[in-house]
Chemist: 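For reference, the structure I am asking about is given below.
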Amino acid sequence: MPSVAPKASIAGLAARKPALPEPTLPDAASAGRIVRLHLNEGALGPSPRAMEAMRSVAERMDRYPGVDASGLARALGRKHGIDPERVLLGCGSDELIQFLCLAYVEPGEEVIHTQYGFLLFPMAARIAGGVPVSAPDDGFTASVDAILERVTPRTKLVFLANPNNPTGTCLPAGEVRRLREGLPDRVLLVVDAAYAEYVQRDDYTAGIELVEATDNTVMLRTFSKAFGMAGLRLGWAYCPQPVADTLYSVRPPYGVNAPSLAAGLAAVEDRAFQDATVAHNARWMPWLQERFRALGLEPLPTAANFMMLRFPAEPGRNADAVRPFLAGRGILVREMAGYGAPEYIRLSVGREDENRLVVDAVRDFLNGANA
Ligand SMILES: *Cc1c(COP(=O)(O)O)cnc(C)c1O
């Protein structure tokens, strides 16, 4: 026992250090370009305008941010037709997930997340002293009925990622509305729309109109995926006024750094880059899914820029074997055992050359080639 014990609610949480490159990576691959398909990062890199904006503020790093923060919130307000006063910026939406739990969840209160949901939801609940409650999915899709069945007098918050990570599956707007209507008013619903930009369905909502219509629904967004800015750590929440006021009362005043704010503002205004990102995904996701199906594999349907892909159960041809094989060619994909789906891998859409590389590598793997 250490002399000083951390809170009981976080006993047993794994120490999450940023992932190191897989030890199986050959020297050549780690020296050259690694194909990163394991973290759902945008395929096209950052917007050139965002890079330029970041360079141009370098000489002002002696000043606290502040004015620029409202500039980004106003740009988001213009883009989405929302009230910038209720846009809260964070150091990644990961940080906003934590602030929401810290601000709302009393010790012992319950936080519902979905079975194959984002791993940070139960983690943030426990850091706040709350009790995570998992609602079983229907197949690999969130089940509104299962979530509602798990509501108790102690339920305080419900997290729904839509589209969901790691499954890529998506609930239609009517189901998200039915969830809100079925939850007691005292329960905060947090819709994490980290992949909203990629969704091409007509019946989709990221949650903006629910935030407008209620005082207990929050939408989370991020610059890490479609904007290609994961390294920057920039996310935002759109909140009802009372929630915005609460979050402003707990978050550090200068939580988002000035270069991020400048780059974020330029990225929001770069429509051409956003259109190219969406078009790229709409072209290559179906291409990848079709190629994998032709190889006899089973990709899950997805609304985002990544998919779960099922491998055969046979030793040597399964998901456990394909990851080191791909790593041997410098291609990183995500393992799914931690999410309770060990027969799958998760991989994202890359650039054209990367997509062709991964399909060729998976074909060779299934044909029993050497890495
Ligand atoms: C990637 C992701 C985020 C974004 O996290 P950041 O901290 O903004 O990088 C949030 N939620 C889900 C479900 C994600 O997959």
Side-chain angles (χ1 to χ4, degrees), residues 16-19 36-43 45-46 50 72 76 87-102 111-125 127 132 134-135 137 140-142 157-171 176 189-199 204 206-207 218-238 247 251 255-257 260-261 263-264 267-268 277 281 300 302-308 332-336 338-339 341 346-349:
R16 283 173 63 101
K17 303 193 184 107
R36 295 169 57 94
L37 305 179
H38 62 317
L39 292 176
N40 301 348
E41 295 158 345
L72 177 53
L76 289 167
V87 170
L88 221 105
L89 302 164
C91 184
S93 47
D94 288 358
E95 185 186 59
L96 296 165
I97 291 167
Q98 299 236 351
F99 285 151
L100 283 162
C101 286
L102 288 170
V111 175
I112 301 177
H113 60 90
T114 61
Q115 178 185 0
Y116 295 108
F118 193 40
L119 289 176
L120 282 190
F121 298 153
M123 182 178 147
I127 292 170
S134 173
D137 276 9
F140 282 100
T141 304
L157 200 153
V158 172
F159 280 116
L160 176 74
N162 200 39
N164 183 51
N165 175 17
T167 57
T169 51
C170 187
L171 288 184
V176 183
L189 172 62
V190 178
V191 179
D192 180 349
Y195 302 92
E197 291 81 1
Y198 293 108
V199 182
Y204 175 72
V218 170
M219 174 187 72
L220 295 179
R221 304 288 287 261
T222 180
F223 284 85
S224 294
K225 308 293 165 43
F227 287 92
M229 298 163 83
L232 214 54
R233 315 306 306 122
L234 184 60
W236 55 284
Y238 187 48
L247 290 180
R251 64 159 233 160
V256 178
N257 65 70
S260 296
L261 296 167
V268 167
T277 296
N281 204 61
L300 290 189
T302 175
N305 66 328
F306 60 88
M307 75 185 94
M308 275 174 60
L332 301 182
V333 297
R334 181 75 153 80
E335 62 97 20
M336 283 290 102
Y339 278 101
R346 189 195 67 198
L347 76 164
S348 52
V349 171

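It should be emphasised that the depicted structure is a prediction, and the values quoted were computed from it without experimental measurement. Just so you know, ligand 1 is whichever comes first in the structure, and atom 1 is the first atom listed for that ligand.
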Chemist: Is ligand 1 under 4.0 Å from a heavy atom in the side chain of Arg233, in the backbone, in both, or in neither?
Modeler: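 Contact part for Arg233 vs ligand 1: side chain (C-beta onward).
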
Chemist: Could you tell me the separation between the CG atom of Leu102 and the CD atom of Glu95, rounded to the nearest 0.5 Å?
Modeler: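 Atom-to-atom, Leu102:CG and Glu95:CD are 10.0 Å apart.
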
Chemist: Which residue from Leu234, Asp94, Ile97 reaches closest to atom 5 (O) of ligand 1 through any of its heavy atoms?
Modeler: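 Ranked by closest heavy atom to atom 5 (O) of ligand 1, first place is Asp94.
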
Chemist: What heavy-atom pair brings Asn257 and Leu232 nearest, and what distance separates the two atoms?
Modeler: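 Where Asn257 meets Leu232 most closely, the heavy atoms are ND2-O, 4.5 Å.
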
Chemist: What is the distance from atom OH of Tyr195 to atom NZ of Lys225, rounded to the nearest 0.5 Å?
Modeler: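 Tyr195 atom OH to Lys225 atom NZ measures 3.0 Å (nearest 0.5 Å).
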
Chemist: With backbone taken as N, CA, C and O and side chain as the heavy atoms from C-beta onward, which portion of Ser224 lies under 4.0 Å from ligand 1: side chain, backbone, both, or neither?
Modeler: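 For Ser224, the contact with ligand 1 is made by the side chain alone.
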
Chemist: Where does the angle between the aromatic ring planes of Phe227 and Phe223 fall among parallel (under 30°), tilted (30 to 60°) and perpendicular (over 60°)?
Modeler: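 Taking Phe223 first and then Phe227, their aromatic rings sit tilted (interplane angle of 30° to 60°).
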
Chemist: Does the salt bridge (charged side-chain N to carboxylate O under 4.0 Å, His left out) test come out yes or no for Asp94 and Arg233, once each step is laid out?
Modeler: CA-CA 9 Å; Asp94 288 358; Arg233 315 306 306 122; 3.5 Å; yes

Chemist: Can you find an N or O of Tyr195 that's nearer than 3.5 Å to an N or O of ligand 1?
Modeler: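 N/O-N/O distance below 3.5 Å exists for this pair.
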
Chemist: Below 4.0 angstrom from a heavy atom of Thr222, which ligand 1 atoms are there? Numbered from 1 as shown, please.
Modeler: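 Taking each heavy atom of Thr222 in turn, ligand 1 has 4 (C), 6 (P), 8 (O), 9 (O) under 4.0 Å.
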
Chemist: Does the ring centre of Tyr116 sit less than 6.0 Å away from the ring centre of Phe140?
Modeler: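 Yes, the ring centres sit under 6.0 Å apart.
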
Chemist: For Ala194, counting its heavy atoms only, list the atoms of ligand 1 lying under 4.0 Å from any of them.
Modeler: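 Heavy-atom distances to Ala194 below 4.0 Å select 2 (C), 3 (C), 10 (C), 11 (N), 12 (C), 14 (C).
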
Chemist: Distance to 0.1 Å, residue and atom name: give those for the protein heavy atom nearest to atom 4 (C) of ligand 1.
Modeler: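 The answer is Ser93 OG, 3.2 Å.
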
Chemist: Under 4.0 angstrom from ligand 1, any heavy atom of Asp192?
Modeler: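 Yes.
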
Chemist: Cut-off 3.5 Å, side chains only: do Arg334 and Asn40 have a donor facing an acceptor?
Modeler: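 No - no donor-acceptor pair under 3.5 Å links their side chains.
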
Chemist: Give the numbers and elements of all ligand 1 atoms closer than 4.0 Å to a heavy atom of Lys225.
Modeler: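 Under 4.0 Å from Lys225, ligand 1 has these atoms: 1 (C), 2 (C), 3 (C), 4 (C), 14 (C), 15 (O).
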
Chemist: Can you find an N/O atom of Asn165 closer than 3.5 Å to an N/O atom of ligand 1?
Modeler: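 Yes, Asn165 has an N/O under 3.5 Å of an N/O on ligand 1.
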
Chemist: Measuring from atom CG of Leu347 to atom CG of Leu37, what distance do you get when rounded to the nearest 0.5 angstrom?
Modeler: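 So the gap between those two atoms works out to 5.5 Å.
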
Chemist: Any atoms of ligand 1 less than 4.0 Å from a non-hydrogen atom of Gly92? List them with their elements.
Modeler: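 Those of ligand 1 that fall under 4.0 Å from Gly92 are 6 (P), 7 (O), 8 (O).
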
